[in-house]
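One structure below.
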Amino acid sequence: MAIKIYNTLTRRKEDLNPGAPPLVTFYVCGPTVYDYIHIGNARVFIIFDVVRRYLEYRGYDVKLVQNYTDIDDKMINRANEQGISVPELAERFIQAYLEDVSALRVRPADATPRATEHIDDIIELIERLLKNGFAYISDGDVYYDTAKYSDYGQLSHQKQDDLLMGARVEPGEKKRSPLDFVLWKQKKEGEPSWDSPWGEGRPGWHIECSAMSTHFMDDTLDIHAGGADLIFPHHENEIAQTWGADRRPLARYWMHAGYLNIEDQKMSKSLGNVRTVHELVKEYDPLDLRFLILSAHYRSPLNFSGELVVQAGSGRQRLQEMVANMLNALEDAGESAGGHEEKLENALSEARSRFTGAMDDDFNTADAFGVLFDLARSCNIYLKEGHPYNRPLLEEALGFYREMNEIFEIVDISTPRGLDDEINSMIAERDQARASKDFATADRIRDELQQRGIVLEDTPHGTRWKKK
RNA sequence: GGCGACAUAGCCAAGUGGUAAGGCAGAGGACUGCAAAUCCUCCAUCCCCGGUUCGAAUCCGGGUGUCGCCUCCA
């Protein structure tokens with residue numbers, strides 16, 4: 001069965017048919033590095049991190065490119081505000097970005113180009129556009145001529161006339177049409193600039209992604225992704241540029257992540273409710289943030305609040321506990337069958353197929369989470385009824401969660417570890433105290449260990465411990 | 001004005017024709033010296049109205065509500 005992807009271009013779910021399987025070329029629009037990323041940005045990066053991992057899980061060879069926008073108006077303004085250069089600003093927030101997404105367990109892309117490293121590619125692309133008649137020079141700026149591209153509006157499903165109705169006309173425009181957008185901006189005093197056939201200047205925002213994706217992939221991308229707010233005009237413009245310059249579609253499948261709201265309100269600077277990842281990871285477990293984001297479908301709007309993070313954390317804890325209990329059970333598991341394996345075996349094979357079915361259907365992570373929880377119950381029942389435990393079965397079930405975690409990364413699955421001698425003897429001491437009904441001593445030892453982050457659980461098969 | 005999305009229990013959230021996954025919170029029970037963890041049970045007829053159908057949360061029409069894009073905000 002093929003993976004189905006909802007394509008913004010066609011507004012339908014389509015079977016994934018990459019151009020050169022098993023290769024999947026995948027381009028995600030990255031951050032403008034003028035500030036810390038916020039939780040809405042993080043949603044995008046987490047979602048497509050999971051998409052990438054799932055494609056790999058399904059046997060595809062994914063080549064992921066994600067850019068940094070390190071030159072644009074926001075960069076220049078912010079650098080001026082802070083009295084530093086644009087490259088200094090970029091360097092600082094690229095580092096911050098890397099720290100933030102690393103905390104969120106987002107794996108780095110295979111290539112992470114910066115716009116300023118590809119000025120030559122950008123200039124060449126603009127030259128092709130001029131040569132093909134899709135661009136014009138106006139008073140030192142170069143603009144894309146949207147009137148020349150009849151399919152303009154295909155991604156956002158807007159007619160040019162309708163777009164024109166809503167367009168705002170700035171006084172003193174150098175554009176022929178309000179829909180035209182700048183490819184190359186003439187230098188202003190004090191701004192970073194590069195030489196070009198049209199004089200000193202800098203690239204417009206949209207052109208970099210067309211140029212870099214062409215540089216790295218060289219042909220129509222399999223998947224191009226970003227936040228929903230990039231559909232128009234950013235991605236629309238990228239399509240127009242690549243078509244005008246190279247007469248090919250930029251991408252086969254367009255994926256867009258839904259918005260994230262903060263306490264039912266749009267996140268915005270004027271409302272003062274922007275939550276940066278930098279701050280949030282200090283306050284919450286990054287895995288809880290990941291879990292919350294993946295608990296809704298990626299195209300749906302997602303509400304964010306501290307309360308919801310805590311709620312997500314409680315759910316995630318259930319999986320975390322189950323895994324810890326399974327690892328504990330491994331310590332005294334044997335090789336032979338104990339007679340209670342069948343139910344768990346059935347649950348496992350059902351989980352596998354349900355899981356793939358959910359994820360194949362446009363990456364339905366919420367549905368997939370349901371599978372993880374259902375199987376967790378089966379595992380817990382086995383832990384309750386299946387003693388003496390069967391090692392191969394425990395390993396198999398844990399193996400499933402390891403595979404899932406390779407995709408979602410929402411629990412810590414550490415390998416079984418030996419008991420620290422001191423902890424071991426304290427537990428033995430407590431067991432003795434309990435045996436002689438000296439509960440005061442037993443509780444004292446339990447409290448002591450708790451202080452050190454060790455939680456004890458008395459099970460019918462002996463005392464277990466785990467780290468809090 | 002144009003285009004579009006969404007509306008499922010206290011909260012989060014799947015489910016696109018056959019009589020509502022899962023999680024959180026809550027209630028009761030089991031286990032436990034107590035606890036922790038866990039298990040069992042309980043907790044919705046799917047915004048409203050009409051239609052199609054043997055049968056609809058799921059399709060169609062009409063409402064109502066919320067939100068988004070059309071302003072280089074992911």
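Shortest non-hydrogen contact noted between A:I407 and A:M359 is CG2-CE, 4.4 Å. The heavy-atom pair separating A:Q186 from A:D139 by the smallest distance is OE1-O, 3.1 Å. Nearest heavy atoms, A:A245 versus A:L125: CB-CD1, 3.1 Å. Of all heavy-atom pairs spanning A:L292 and A:L308, the tightest one is CD1-O, 3.9 Å. For the residue pair A:L104 and A:A42, the shortest heavy atom distance occurs at CD1-CB, 3.7 Å. The two residues A:L393 and A:E341 make their nearest non-hydrogen contact at CD2-CG, 3.3 Å.
The side-chain hydrogen bond (donor to acceptor under 3.5 Å, both in side chains) contacts involving residues 36-49 of chain A comprise A:H38-A:N41, A:D49-A:R53, A:D49-A:R290, where partners must be two or more places apart or lie in separate chains.
Between A:N380 and B:C39 there is a side-chain N or O to OP1 or OP2 distance below 4.0 Å. Taking side-chain N and O atoms only, A:T459 has no distance below 4.0 Å to OP1 or OP2 of B:U32. A close approach under 4.0 Å does not occur between any side-chain nitrogen or oxygen of A:R444 and OP1 or OP2 of B:C34. Between A:K266 and B:C69, a side-chain N or O to OP1/OP2 separation shorter than 4.0 Å is present. Listed pair A:K74 / B:C73 meets the phosphate criterion, a side-chain N or O lying under 4.0 Å from OP1 or OP2.
For A:R377 against B:C40, a side-chain-to-base donor-acceptor contact under 3.5 Å is absent. Not a single donor-acceptor contact under 3.5 angstrom links the side-chain atoms of A:Q158 to the base of B:C70. Contact of A:R316 with B:G23 (side chain to base): no donor-acceptor pair of N or O atoms is detected under 3.5 Å.
Across all strands shown, A:H157 has heavy atoms under 4.0 Å from sugar-phosphate atoms exclusively, and none from any base. Among the heavy atoms of the strands, none lies under 4.0 Å from A:N237. Contact annotation for A:F373: backbone-only contact, meaning every heavy-atom pair under 4.0 Å involves sugar-phosphate atoms and none involves a base. Using a 4.0 Å heavy-atom criterion, one finds that A:N364 contacts the sugar-phosphate atoms exclusively. Using a 4.0 Å heavy-atom criterion, one finds that A:R299 contacts no nucleic acid atom at all.
Rounding to whole angstrom units, CD of residue A:Q450 and C1' of B:C34 are separated by 14 Å. Look at CG on A:L289: it is 19 Å from P on B:A74, rounded to the nearest Å. One atom, CD1 of A:I381, and another, P of B:A37, lie 18 Å apart when rounded to the nearest Å. Look at CG on A:D431: it is 13 Å from P on B:G33, rounded to the nearest Å.
Base pairing annotation: B:C42 forms a Watson-Crick or G-U wobble pair with B:G26, both donor-acceptor distances under 3.5 Å. Within the shown strands, B:G68 is the pairing partner of B:C3 under the Watson-Crick or G-U definition, both distances less than 3.5 Å. Pairing of B:G61, defined by two Watson-Crick or G-U wobble distances under 3.5 Å, is identified with B:C49. Across all strands shown, nothing is found opposite B:A9 as a Watson-Crick or G-U wobble partner with both distances under 3.5 Å. Across every strand in view, B:U19 sits unpaired, with no contact that passes the Watson-Crick or G-U test at under 3.5 angstrom. Base pairing of B:A37 is not made with any nucleotide, judged by Watson-Crick or G-U wobble geometry with both donor-acceptor distances under 3.5 Å. Across all strands shown, B:G55 forms no Watson-Crick or G-U wobble pair with both key distances under 3.5 Å.
Here the nucleotide nearest the side chain of A:S295, chosen from B:C24, B:C12, B:C69, is B:C12. When distances run from any side-chain atom of A:L260 to the nucleotides B:A37, B:A74, B:A14, the shortest one goes to B:A74. Relative to the side chain of A:D443, the nucleotides B:U38, B:C34, B:C73 differ in distance, and B:C34 lies closest. Of the candidates B:G33, B:A37, B:C72, B:G33 carries the atom nearest the A:R430 side chain, counting heavy atoms from C-beta on. Side-chain proximity of A:D162 to the nucleotides B:G2, B:A25, B:C72 is greatest for B:G2.
Applying the side-chain hydrogen bond (donor to acceptor under 3.5 Å, both in side chains) test between A:Y136 and each of A:D180, A:D141, A:D145 identifies A:D180 as the sole match. The only member of A:F363, A:F291, A:F369 that meets ring pair (Phe, Tyr, Trp, His ring centres under 6.0 Å) when paired with A:F408 is A:F369.
Residue ring and base: A:F439 counts as stacked with B:G33 (centre distance below 5.5 Å, interplanar angle below 30°).
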Subject >> Residue pair A:C209, A:N67: steps toward the side-chain contact (heavy atoms from CB on, under 4.5 Å) verdict >> reply: CA-CA 8 Å; A:C209 291; A:N67 67 292; 4.1 Å; yes
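The salt bridge (Lys or Arg N to Asp or Glu O under 4.0 Å) test applied to A:D73 returns A:K185, A:R202, not counting sequence neighbours.
Between A:E345 and A:Y382, the side chains place no donor N or O within less than 3.5 Å of an acceptor N or O (distance only, hydrogens not considered).
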With the criterion being N/O to N/O and under 3.5 Å, what pairs connect the protein with nucleotides 18-21 of chain B, and how long is each?
none

Polar pairs (N or O, both sides) under 3.5 Å between protein and nucleotides 27-30 of chain B?
none

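B:A57 and B:G51 have their P atoms separated by 15 Å, given to the nearest Å. Spacing of C1' atoms, B:C73 relative to B:C69, comes out at 12 Å, to the nearest Å.
Heavy atoms from other residues, nucleotides or ligands lying under 6.0 Å from CD of A:E117 number more than 12. Other residues, nucleotides and ligands place more than 12 heavy atoms under 6.0 Å from the CD atom of A:E81. Around atom CD of A:Q432, no more than 12 heavy atoms belonging to other residues, nucleotides or ligands sit under 6.0 Å away.
At distances below 3.5 Å, not a single donor-acceptor pair connects side-chain atoms of A:S156 with backbone N or O atoms of A:F232.
The nearest heavy atom of RNA chain B to A:S378 and to A:N261 marks one nucleotide each, and the one closer to the 5' end goes with A:S378.
Remark: A:R11 in residues 4-14 of chain A come within less than 4.0 Å of RNA chain B through at least one heavy atom. A heavy atom closer than 4.0 Å to some atom of RNA chain B occurs in A:H38, A:G40, A:N41, A:V44, these being the qualifying members of residues 37-50 of chain A.
Look at A:R444 and A:E448 and you find a salt bridge, because one of the NZ, NE, NH1 or NH2 atoms lies within 4.0 Å of a carboxylate O, short of that distance.
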